[in-house]
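Here's a structure for you.
Computed from a predicted model, the values in this text were never measured in an experiment.
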Amino acid sequence: MKLIVEPYAAGHRLYYVALLLKELMSRGEDVTLLTTSTTVESAEWQVHLSAITPAVLERPLDEFNLTDIAAVSASVGSELTIIPNADAELLPVIIQGWRGPGALKLLVMRAQSAQPGPPFPRLRPLKTLVKRALIRAADLRSSVDVYALRNPLSPPGRVLNWVPDPIVLNCTPQQQKKLEAQLDAHGDRYWFGVFGAICPRKNLPLIAAAIADQQDCGLVIAGSVADDVAKDSAPFLEAFTANGGAVIQLPGPLTAEEFDSAIATVDCVIVAQSEEGSSSIVLRAAALGRRLIVAGAKSLKKDASYLPQHAEWCRLEVDVVRTAMSKARFRPQPTLGVRLETDQFVRSLT
């Protein structure tokens, strides 16, 4: 018996859970998912797990501490417990160790500290050193293996047990043709796209302000948009459409096929992040051979250095992003997509 633990639905969590479940179930292994009723009832569950129908144990959120997880692991007779979103578990593992049966595998989503912002931006390197020290200390505990997620574009690092962010492309010709018909209905345009769970740190208002005076182009917004982000973006998008622009919104959550097909359909993907960290949108766009504008985070600047044919990095400023958009329209599409794989991810964690 294997036990996977994930109480939350947001972000990429259930995507990772689905990859692990598919791998274990394909081997004929008995596997149980420990989660919450809120997650089972979420739209993200329908997207990622409704077709898999795993065995599920539901517990209240306050029971997802290390002690209670160990008790559940013992009750189901698990030989391996996997926590694929385990940043918060590092300190408890260091302090008390793993008291459940069998082995414990943890995946740390961010081996670097997130951007702390003012007034202490220079603390980030120190926080990253502390985070990595915690990862190493937890990995030294008996029966515990800790893995750190890395950008698959970058070379493997040392010291930590790095696994590449797994990317599975689900683009289908049928779905892509459907989306192309939506775009073609607006005439011959150059299409930019913004994708994912669009929260304030994804800077949609800034992108909307940058595109507002662009001619003969369109903007695809694919994914769920936070209410405050939608409100702040609205005046710029209205100015854009009044100036002859076209906006197509594909509200999320989207199926994997809809999401990847939308990325494959636009001419240029824009990723503008205030927060440091790798972006699966960048990876998907590169794998699908799309042109990219990446702005803001230094981690995105590093991504662009690995993708000279695909990506241009720029500062997170309206005028600078506007100039990058104007330049992208006259550049050829990349001739090759970037090859990505999931084998190391699922092999390491299962």
Polar side-chain atom of Asp267 near backbone of Trp191 as donor-acceptor pair, under 3.5 Å: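 Yes.
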
Could you check whether any side-chain N or O of Lys131 sits under 3.5 Å from a backbone N or O of Asp87, counting only pairs where one atom can act as donor and the other as acceptor?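 Between the backbone of Asp87 and the side chain of Lys131 there is no qualifying donor-acceptor contact (under 3.5 Å).
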
Calculate, to the nearest 0.5 Å, the distance between atoms CG and CD belonging to Leu107 and Glu6 respectively.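 The distance works out to 10.0 Å.
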
Without swapping roles, check the side chain of Gln273 against the backbone of Glu275 for a donor-acceptor pair under 3.5 Å.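 Between the backbone of Glu275 and the side chain of Gln273 there is a qualifying donor-acceptor contact (under 3.5 Å).
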
From CD (Glu79) to NZ (Lys2), nearest 0.5 Å: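 Atom-to-atom, Glu79:CD and Lys2:NZ are 5.0 Å apart.
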
Just checking, any donor-acceptor pair under 3.5 angstrom between side chains of Asn203 and Ser274?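 Note: Asn203 and Ser274 side chains meet the donor-acceptor criterion.
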
Please table the atom pairs, donor to acceptor, closer than 3.5 Å between any side-chain atom in residues 178-189 and protein atoms at least two apart or in another chain.
{"residue": "Arg189", "atom": "NE", "partner": "His186", "partner atom": "O", "Å": "2.8"}
{"residue": "Arg189", "atom": "NH1", "partner": "Cys217", "partner atom": "O", "Å": "3.1"}
{"residue": "Arg189", "atom": "NH1", "partner": "Gly244", "partner atom": "O", "Å": "2.9"}
{"residue": "Arg189", "atom": "NH2", "partner": "Gly244", "partner atom": "O", "Å": "3.1"}

Mind checking whether Leu14 and Val47 sit in one hydrophobic cluster, side chains of I, L, V, M, F, W, Y counted as touching below 4.5 Å?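 Leu14 and Val47: separate clusters.
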
Listing, residues 48-56 side-chain donor-acceptor contacts under 3.5 Å, not counting sequence neighbours, or none:
{"residue": "Ser50", "atom": "OG", "partner": "Gln46", "partner atom": "O", "Å": "2.6"}

List for me each residue that meets side-chain hydrogen bond (donor to acceptor under 3.5 Å, both in side chains) alongside Glu257, sequence neighbours excluded, and say none if there are none.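 By the side-chain hydrogen bond (donor to acceptor under 3.5 Å, both in side chains) rule, Glu257 matches no residue at all.
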
side-chain contact (heavy atoms from CB on, under 4.5 Å) assessment of Leu24 paired with Ile4: CA-CA 10 Å; Leu24 291 169; Ile4 299 174; 4.1 Å; yes

Taking only residues two or more places apart in sequence or in another chain, which ones pass side chain to side chain contact (heavy atoms under 4.5 Å, CB included) with Leu57?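 Result, side chain to side chain contact (heavy atoms under 4.5 Å, CB included) vs Leu57: Thr32, Leu34, Arg59, Val72, Val76.
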
Nearest atoms (heavy-atom pairs only) where Gln333 meets Arg291: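 What the structure gives for the nearest pair is OE1-N, 3.2 Å.
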
Within the side chain of Arg13, is there an N or O that forms a donor-acceptor pair under 3.5 Å with the backbone of Ala10?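 Yes, the answer is positive, given that a donor and an acceptor are paired below the 3.5 Å cut-off.
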
Treating Glu276 as the side-chain partner and Ser299 as the backbone partner, does any N or O pair qualify as donor plus acceptor under 3.5 Å?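 Yes.
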
Group every Ile, Leu, Val, Met, Phe, Trp and Tyr by side-chain heavy-atom contacts under 4.5 Å, then state whether Val144 and Val159 land in the same group.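 Val144 clusters together with Val159.
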
Hey, is CG on Asp227 packed in by over 12 heavy atoms from elsewhere, all under 6.0 Å?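 Result for CG/Asp227: open.
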
Over all atoms of both residues, closest heavy-atom pair of Leu20 and Pro84: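 Distance-wise, the nearest heavy atoms are CD1-CB, 4.0 Å.
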
Residue that, paired with Asp303, satisfies side-chain contact (heavy atoms from CB on, under 4.5 Å) out of Val271, Val294, Asn151: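 Of all the options given, the one that passes is Asn151.
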
Salt bridge or not between Asp260 and Arg284? Use side-chain N to carboxylate O under 4.0 Å.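 Result for this pair is yes, salt bridge flagged.
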
Would you say Trp45 ends up clustered with Leu61 if hydrophobic residues are merged whenever their side chains have heavy atoms under 4.5 Å apart, either directly or through other cluster members?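 No; Trp45 is not reachable from Leu61 via cluster members.
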
Is there a path of hydrophobic side-chain contacts, each under 4.5 Å between heavy atoms of I/L/V/M/F/W/Y residues, joining Tyr8 to Tyr16?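 No, Tyr16 does not connect to Tyr8 through the hydrophobic network.
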
Members besides Val247 in its Ile/Leu/Val/Met/Phe/Trp/Tyr cluster (side-chain heavy atoms under 4.5 Å):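 Besides Val247, the cluster holds Tyr190, Phe192, Val194, Ile198, Leu204, Leu206, Ile207, Ile211, Leu219, Ile221, Val225, Val229, Leu237, Phe240, Ile270, Ile293, Leu316, Val318, Val321, Met325.
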
Side-chain (Ser233) to main-chain (Ala230) donor-acceptor, under 3.5 angstrom: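 No, because the side chain of Ser233 does not come within donor-acceptor range (under 3.5 Å) of the backbone of Ala230.
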
Please answer whether the main-chain N or O of Gly245 pairs with a side-chain N or O of Asn243 as donor and acceptor at a distance below 3.5 Å.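 Not a single qualifying donor-acceptor pair exists.
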
Pairs satisfying side chain to side chain donor-acceptor pair (under 3.5 Å), at least one member in residues 305-324, at least two apart: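 Non-adjacent pairs meeting side chain to side chain donor-acceptor pair (under 3.5 Å): Asp213-Arg322, Gln309-Thr335, Glu312-Lys327, Glu312-Arg331, Arg315-Glu317, Asp319-Arg322.
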
